[in-house]
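Convention: sequence-line order gives letters A, B, ...; per-chain numbering from 1. Keep in mind the model is a prediction, meaning the values are calculated, not measured.
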There are 2 protein chains.
Amino acid sequence: MLKLSKLTDYATVILSHMAKDYLGMYASQEVSERTGIAQPTVSKILKILVKAKILTSVRGAKGGYLLASAPENITVAMVINALEGPIALTECSLSHKNCDHVRDCDIQGNWGVINQKILTMLESVTLADMLEPIKPANEIRISASSFFR
Amino acid sequence: MLKLSKLTDYATVILSHMAKDYLGMYASQEVSERTGIAQPTVSKILKILVKAKILTSVRGAKGGYLLASAPENITVAMVINALEGPIALTECSLSHKNCDHVRDCDIQGNWGVINQKILTMLESVTLADMLEPIKPANEIRISASSFFR
DNA sequence: ATTAAATAGTACTAAACTAGTCCACAATAA
DNA sequence: TTATTGTGGACTAGTTTAGTACTATTTAAT
């Protein structure tokens with residue numbers, strides 16, 4: 001299905017909530033209430049985002065989380081990378097070492113090219129972009145995608 | 001990790017093998033030997049590809065599998081779709097119905113746009129492209145991807 | 001100092017998914 | 001008729017994911 005994990009999906013929801021007032025501080029409790037995502041899950045995601053330096057945290061009472069940089073500087077690729085690790089469609093895109101048993105594989109390089117294109121695309125979309133209402137033109141292109149039922 | 005399943009990876013290896021002589025017929029046994037992928041696994045993948053109309057099959061002795069169309073007309077998107085189902089990064093890209101518990105989700109539409117871009121890209125790469133040696137220019141761009149360690 | 005509020009880190013469980021295998025059945029060439 | 005090859009479905013072991021729980025640490029407020 002080539003899909004993102006639920007946690008990554010949640011992370012973008014959480015971050016776009018926080019990006020609305022990106023200088024403000026948010027407690028995990030509040031984020032949970034505002035997004036409808038269970039508190040322990042929100043907490044887990046926030047911790048991961050701190051470790052990835054996408055958020056910074058303040059401990060103690062009145063503590064919370066805030067964006068480590070402006071929404072324009074946080075890319076979708078960064079978020080995916082934080083929650084799922086490196087973006088690599090195939091093992092080969094990451095390292096060319098482990099192809100023991102597949103003998104006539106002429107195609108790893110090309111997977112690498114495809115992978116790189118996706119990466120570039122995901123790096124070009126920022127949190128700020130995610131907040132903007134979608135363009136009508138794009139909306140039309142979406143519904144035109146009938147190939148994948 | 002945003003990765004394809006192993007089976008999808010195998011499928012592209014198998015198909016690119018078959019694409020070298022795309023009018024020829026290939027028994028699963030032979031494909032297994034030539035690719036180094038275990039026979040039952042090859043067999044499973046070939047069956048799936050037939051169901052997706054990417055291959056056609058001939059039963060009985062001297063039977064086998066052949067490409068249902070020229071390598072130029074078989075896209076990477078078709079192969080992924082066959083093995084993993086619809087390409088949809090988030091649930092929302094597929095259907096906007098199930099977002100019950102996430103209240104302030106302003107971003108599904110934008111996921112749809114991203115998804116569509118990836119889809120368009122994957123639809124533009126054919127089996128024929130996968131067989132061609134990669135361009136040196138692309139090779140350089142791959143190794144330049146240091147962001148995702 | 002004490003308490004309450006908040007994050008940090010880690011471990012755990014249940015459910016879902018994936019890879020891989022196997023077997024009984026159907027079709028066809030020789 | 002027999003050997004060869006695909007068809008369809010079921011099954012298992014292993015891995016991954018989502019979600020939860022618990023303890024420790026930090027800090028503001030009193």
For the side chain of [X], starting at C-beta, report the closest nucleotide among [options].
{"X": "A:V50", "options": "D:dG19, C:dT21, C:dA8", "result": "C:dA8"}
{"X": "B:K6", "options": "C:dA19, D:dG19, D:dT7", "result": "C:dA19"}
{"X": "A:K62", "options": "C:dG20, D:dG6, D:dA29", "result": "D:dA29"}

D:dG8 base to B:K47 side chain: any donor-acceptor pair below 3.5 Å?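 Donor-acceptor pair under 3.5 Å: yes.
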Quick one: the side chain of B:R59 and the base of C:dA26, do they pair up donor-acceptor inside 3.5 Å?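 Flag set: donor-acceptor pair detected.
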Check the phosphate of [N] against [X], side-chain N and O only, distance under 4.0 Å to OP1 or OP2. Yes or no?
{"X": "B:S57", "N": "D:dT5", "answer": "no"}
{"X": "A:Y10", "N": "D:dT17", "answer": "no"}
{"X": "A:S5", "N": "D:dA18", "answer": "yes"}

Using a heavy-atom cut-off of under 4.0 Å over every strand shown, decide if A:L7 touches base, sugar-phosphate, or nothing.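 Result for A:L7 = sugar-phosphate.
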Checking all strands, does A:S28 fall into the base, sugar-phosphate, or nothing category for heavy-atom contacts under 4.0 angstrom?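 If one applies the 4.0 Å heavy-atom cut-off, A:S28 turns out to touch the sugar-phosphate alone, with no base involved.
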Pick out which of B:I14, B:I48, B:I45, B:L49 makes a side chain to side chain contact (heavy atoms under 4.5 Å, CB included) with B:L55.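 Result: among B:I14, B:I48, B:I45, B:L49, B:L49 is the only option passing the side chain to side chain contact (heavy atoms under 4.5 Å, CB included) with B:L55.
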Of A:I54, A:D9, A:T8, the residue whose pairing with A:L83 passes side chain to side chain contact (heavy atoms under 4.5 Å, CB included):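 Passing option: A:T8.
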Would you say the side chain of B:V76 lies within less than 4.5 Å of the side chain of A:I114, judging by non-hydrogen atoms?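 Yes. Closest side-chain heavy atoms under 4.5 Å.
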Reading DNA chain D from 5' onward, which residue's closest nucleotide shows up sooner: A:V58 or A:T8?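 Nearest-nucleotide comparison on DNA chain D picks A:T8.
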Between atom NZ in A:K3 and atom C1' in C:dC17, what is the gap in whole Å?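 To the nearest whole Å, that distance equals 8 Å.
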Between A:A61 and A:K44, name the one whose nearest nucleotide on DNA chain C is closer to the 5' end.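 Per heavy-atom nearest nucleotide, the more 5' residue is A:A61.
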